[in-house]
Structure formats: structure tokens, C-alpha cells
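To start, the structure under review is shown below, and the notes come after it.
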Amino acid sequence: MNFIIEHNFWNFLFMTVIIAGGAAFMAGRALASTWRPIWLPMMYMIPLAAALRFFHYALFNGTLLSAHYFLVDLAVLVLATVLGYRLMRTQQMTTQYPWLYERAGPLSWKSRKN
């Protein structure tokens with residue numbers, strides 16, 4: 001398990017999942033609400049993952065220049081971003097176009113049967 005979380009699981013959970021993941025989730029929701037394409041929020045997570053790597057380094061003596069830990073952080077942030085994006089987009093499609101679409105789950109919608 002140390003292969004993924006660096007030195008301390010609680011640092012990873014607090015900084016990467018809760019703090020940065022929450023910011024990524026909100027960024028995904030904000031970008032979906034302005035009808036941006038799905039690839040754009042994912043691209044915005046690259047600088048956030050770099051900043052997160054710096055915070056791990058500065059606050060917890062983590063590894064600054066590690067491709068592996070950067071990619072793990074980036075994967076968590078992209079997952080949170082896409083989750084927020086899809087939740088908002090599903091809400092948009094089903095509330096703004098209720099005559100065309102209905103919810104097919106929390107992350108998707110389907111065409112209404114006429």
C-alpha cells in the first residue's frame with residue numbers, strides 16, 4: 001500500500017482526496033454549468049496536481065519530483081472532476097430539457113419515450 005500513498009495514508013487522504021478532490025469536484029461542476037467540453041476540466045487538473053505535489057513536499061516532506069505520485073494525484077483529481085462534471089451535466093440535461101431527457105441514473109440520462 002505504500003506504493004500508492006507515499007509516506008502516510010492520512011496525509012494522502014486529507015490532502016489529495018478531501019482537499020484537492022473537493023476542489024476538483026467543484027471545478028468539474030462549475031465547468032459543466034458553463035457547458036464546457038469534458039476534456040477541458042481534465043486539462044485543468046494538471047496544474048492542480050502539480051500544486052498538490054508541492055503541498056505534499058512542503059508540508060509533509062513528500063517527494064516533489066515523482067512521476068508516479070504525480071500520476072496518482074492526477075488520477076484522483078480527474079476522477080473527482082469527472083464525477084462532479086457528470087453529476088452537473090445530468091442535472092442540466094434533465095432539468096433544462098425535461099421533454100427530451102429523463103434520468104437514467106445519477107451520472108447519465110436517456111431520451112424520453114413518446
Side-chain angles (χ1 to χ4, degrees):
M1 187 111 183
N2 268 348
F3 184 66
I4 295 175
I5 60 171
E6 200 163 2
H7 298 295
N8 188 341
F9 172 75
W10 300 110
N11 293 345
F12 174 79
L13 181 70
F14 180 70
M15 288 297 294
T16 302
V17 178
I18 295 175
I19 301 286
F25 180 82
M26 296 305 291
R29 288 181 51 89
L31 289 164
S33 68
T34 57
W35 296 93
R36 301 282 193 256
I38 186 77
W39 61 268
L40 193 60
M42 289 188 267
M43 295 301 293
Y44 284 173
M45 291 305 108
I46 294 171
L48 183 60
L52 180 61
R53 258 307 78 213
F54 175 75
F55 289 138
H56 277 289
Y57 168 73
L59 298 175
F60 304 110
N61 271 345
T63 308
L64 178 62
L65 300 175
S66 169
H68 169 72
Y69 293 129
F70 176 78
L71 292 175
V72 169
D73 290 344
L74 184 62
V76 169
L77 297 179
V78 166
L79 181 68
T81 302
V82 170
L83 179 65
Y85 186 93
R86 289 297 295 183
L87 284 169
M88 178 57 81
R89 183 55 53 96
T90 301
Q91 179 184 352
Q92 285 176 310
M93 295 300 284
T94 56
T95 56
Q96 292 184 12
Y97 307 107
W99 64 93
L100 291 176
Y101 303 112
E102 62 186 355
R103 282 190 185 267
L107 300 176
S108 63
W109 60 93
K110 63 180 180 178
S111 296
R112 284 196 178 270
K113 303 277 192 229
N114 289 336

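- In this structure, the ring-ring contact (aromatic ring centres under 6.0 Å, His included) partners of Y97, at least two apart in sequence or on a different chain, are W99.
- Residue L52 comes nearest to A20 through the heavy atom pair CD2-CB, 3.8 Å, listed as atom of the first residue, atom of the second, then distance.
- Distance check: S108 OG to E102 CD gives 10.5 Å after rounding to the nearest 0.5 Å.
- Remark: the backbone N or O of T90 is not paired with any side-chain donor or acceptor of R103 at under 3.5 angstrom.
- In this structure, the side chains of V76 and F12 come closer than 4.5 Å at one or more pairs of heavy atoms.
- Note that CZ of F54 and CG of L65 are 11.5 Å apart. Values are rounded to the nearest 0.5 Å.
- Under the side chain to side chain donor-acceptor pair (under 3.5 Å) criterion, R86 pairs with no residue at all, not counting sequence neighbours.
- Using a 3.5 Å distance cut-off with no hydrogens or angles, the side chains of Y85 and R89 do pair a donor with an acceptor.
- The minimum heavy-atom distance linking R112 with Y101 is given by the pair NE-O, 3.6 Å.
- Shown here are the side chain to side chain donor-acceptor pair (under 3.5 Å) partners of Q91, two or more places apart in sequence or in another chain: there are none.
- Among pairs with a residue in residues 14-28, those fulfilling side chain to side chain donor-acceptor pair (under 3.5 Å) read T16-H56, T16-D73, at least two apart in sequence or across chains.
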N/O donor to acceptor pairs below 3.5 angstrom from side-chain atoms of residues 38-49, sequence neighbours left out:
none

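- In Y57, the OH atom is not crowded: 12 or fewer heavy atoms of neighbouring residues, nucleotides or ligands sit closer than 6.0 Å.
- A distance-only check finds a donor-acceptor pair linking the side chain of S33 to the backbone of A30 [under 3.5 Å].
- Distance check: Q96 CD to T94 OG1 gives 9.0 Å after rounding to the nearest 0.5 Å.
- M26 is not connected to F14 by any chain of hydrophobic side-chain contacts under 4.5 Å among Ile, Leu, Val, Met, Phe, Trp and Tyr, and they are in different clusters.
- Applying the side chain to side chain contact (heavy atoms under 4.5 Å, CB included) test to L87 and every residue at least two apart in sequence or in another chain returns F25, L83, P106, L107.
- With hydrogens and angles disregarded, a donor-acceptor distance shorter than 3.5 Å links the side chain of Q92 to the backbone of A32.
- Under a hydrophobic clustering in which Ile, Leu, Val, Met, Phe, Trp and Tyr are joined whenever their side-chain heavy atoms come within less than 4.5 Å, directly or via other members, L74 and L64 fall into the same cluster.
- With hydrophobic clusters built from ILVMFWY side chains whose heavy atoms lie under 4.5 angstrom apart, V78 does not share a cluster with M88.
- Cluster annotation: F60 is connected to F70 through the hydrophobic network of ILVMFWY side chains, with a link wherever side-chain heavy atoms come within less than 4.5 Å.
- Taking both residues in full, the closest heavy atoms of A80 and G21 are given as CB-O, 3.4 Å, listed atom of the first, atom of the second, then distance.
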